[in-house]
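Here is how names work: the chains are called A, B, and so on, in the same order as the sequence lines, proteins then strands, and each is numbered from 1.
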Amino acid sequence: MKNRKSFNEIYTEIASETNDFFVELARRQNKSFLISIFVGLAICILLYKTSAEKSAFVMFVIFLIVVFLGIVINNTIYRNRYKQEIIGRFVKKYDDKLYYLPKGRVITKHDYYMSRFDKTWNELECEDGIQGKLEDGSIFRLSQVTVINKVTTSIDGYSDNVEKQVKFKGTFCIIELANPINNTIELIGNARINRFNKSRIEVDSEEFEKEYDLIARDRIQALRIFTPDIIERLIGIKGKTKSPFRVKIEGSYIFIRISNGDIFEPISYEGKISPKAFMEYYNTLDVPMTIAEAIVDGSKELY
Amino acid sequence: MLILLVIVLVLSIFFIAEFNLCVRLRHKCYQSKSSIDVFLTQRFDLIPNLVACVKGYVNYEQDRLERVAVLRKMYDTSKEFKYSEPLNKEFDRLLSVAEKNPEIKAQSNFLNLQREIGKMESQLQAARRNYNGDVTLYNTTIQSFPTNIFAEALGFKELELFEANEDVKKNN
């Protein structure tokens, strides 16, 4: 297992390094807000002088729209800069072999299709991509994905009714193993345990049994991977996420899916982020990373 | 009358479901046990190879070989864990002797054998854990209320967990 900086170390470093960033951002936000007000006033005055419409109410509404647009544009710019500065730094400090790509499409439709987590879907949106390599050379890719099933039905043969059903929104991670595992294993966490599932493996750890369902085609091989040490590491994830998650190991791939909605969203628009809020970012990356590394380390037993 | 019939029907369905569950869990235990047997058989099949590695360097008594053959036969007939334990001890003793001798350790056939033994040990350990897990679930089910009311009467007896022998515990 790779030695990494602890949460406190990363948070302290980022808090001190980005202090100037937040000060500058607050200054820019105030400046943008003032500019929006002036632009709004200017447009209102121009319209008042040039058009026939002299209603104060209409002018006020136009003024509000312009100011609102200014705020939205500023927040979009802020959001992108925030992600580069805060999330980008955090990912690099967490593991220098990982790269953060806020708009990068690191997960493709084919990747999600291979996981077979969902059967009926046809659209995939992704953002907040992270990719890199694990210690043994396995390739790690993670992203926030939204999986949508879009159904178009024709009404009376003239117009189309489009229905969009969101099947999944959260973290999706795929690891391409340097050494494939000839088995199909599934690990389900933070979900209802089905103790009498025929394919379920009973593991010699009461804590693990309470938190996870371990299902495998080749049970003996699965237990060679999930040794007591690996089980201990997986039990350590408890408390880091309350969201249900599923892990599938199939051949050369590990697929991890965590139903945690939006990830890496800006928490605050002014001032420093709180440790509690920053913990969300940390756990979003740490949970799939811990699971991936535990399985990769466990699978070394097979070779 | 109808209520009584419904109650009897529900109880019957419940009883059948629990009975089938106990049968399924018991068969799972038998299946897990046979996995251990497969890997133990593989392990004991390696004893002649180990003896061949060790023979040129260490005096291996003939009567010891005969004793191993008898134990092997007893285990193959009964498949009881108590007969596998002396064989396991003999296997561990041979391996220990080989590993302490630098000349034997340097042999390429011993190195290959060691790799194979390592892989097999890992499989055996996993098979034992699998068996213990299945037995624990089965024993818990037949001892829990209300299954315990009829389990023993219908022949569902507690199964023994696999436990490491005293020598292994001492060494650890």
Side-chain angles (χ1 to χ4, degrees), chain A residues 136 177-189 192-235 247 249 294-303, chain B residues 14 16-43 112 114-144 147 159-164 168 172:
Chain A
D136 74 325
L177 292 166
N179 297 304
I181 296 170
N182 184 19
N183 200 348
T184 305
I185 303 172
E186 207 169 321
L187 182 71
I188 302 166
R192 201 168 59 90
I193 304 287
N194 182 5
R195 209 105 198 232
F196 298 109
N197 182 328
K198 284 178 193 170
S199 311
R200 191 175 187 272
I201 298 172
E202 291 296 315
V203 166
D204 41 6
S205 164
E206 196 59 43
E207 282 255 28
F208 185 88
E209 287 286 291
K210 279 187 209 162
E211 299 295 323
Y212 297 99
D213 254 338
L214 178 62
I215 297 158
R217 182 169 43 84
D218 184 339
R219 293 146 62 90
I220 307 294
Q221 198 209 48
L223 283 171
R224 287 176 71 196
I225 298 170
F226 289 88
T227 59
D229 288 337
I230 303 301
I231 283 167
E232 206 56 48
R233 282 159 71 172
L234 291 172
I235 290 168
V247 180
I249 306 165
I295 293 169
V296 165
D297 288 345
S299 69
K300 283 176 188 166
E301 184 57 43
L302 304 176
Y303 298 100
Chain B
F14 172 77
I16 292 166
E18 285 295 301
F19 179 83
N20 288 345
L21 176 66
C22 292
V23 167
R24 188 159 58 81
L25 291 177
R26 187 169 58 183
H27 277 288
K28 219 175 167 191
C29 294
Y30 293 158
Q31 194 182 22
S32 310
K33 193 177 178 189
S34 74
S35 299
I36 298 177
D37 173 56
V38 164
F39 294 120
L40 276 175
T41 306
Q42 282 179 9
R43 194 180 206 239
N112 291 336
Q114 211 176 20
R115 221 172 288 130
E116 213 180 307
I117 289 170
K119 183 182 167 187
M120 191 206 51
E121 290 297 315
S122 157
Q123 286 172 325
L124 186 55
Q125 197 196 50
R128 284 168 175 162
R129 287 171 63 212
N130 184 43
Y131 172 76
N132 280 351
D134 288 342
V135 165
T136 305
L137 181 61
Y138 169 73
N139 288 346
T140 310
T141 306
I142 63 167
Q143 286 169 13
S144 300
T147 317
L159 292 172
E160 269 179 33
L161 286 167
F162 178 86
E163 280 173 8
V168 171
N172 289 341

For [X], is it the side chain, the backbone, both or neither that has a heavy atom under 4.5 Å from a heavy atom of chain A?
| X | answer |
| --- | --- |
| B/Leu21 | side chain |
| B/Asn132 | neither |
| B/Ser122 | both |
| B/Thr141 | side chain |

[X]: salt bridge (Lys or Arg N to Asp or Glu O under 4.0 Å) partners, not counting sequence neighbours:
| X | value |
| --- | --- |
| A/Arg224 | none |
| A/Glu207 | A/Lys238 |
| B/Glu116 | none |

message: For A/Lys300, is there an ion pair with A/Asp136 - N to carboxylate O distance below 4.0 angstrom?
response: no
message: Taking the basic N atoms (NZ, or NE/NH1/NH2) and the acidic carboxylate oxygens, is any pair closer than 4.0 Å for A/Arg233 and A/Asp297?
response: yes
task: Please report the closest heavy-atom contact between A/Ala216 and A/Ile201, naming both atoms and the distance.
output: CB-CD1, 3.6 Å
For the student: nearest non-hydrogen atoms of A/Ile231 and B/Arg129, plus distance: CD1-NH2, 3.4 Å
Contacts with chain A made by residues 23-32 of chain B (heavy-atom distance under 4.5 Å), listed by residue number: B/Arg24, B/Leu25, B/Lys28, B/Ser32
query: Do A/Leu234 and A/Leu187 have side chains that get closer than 4.5 Å, going by heavy atoms?
result: yes
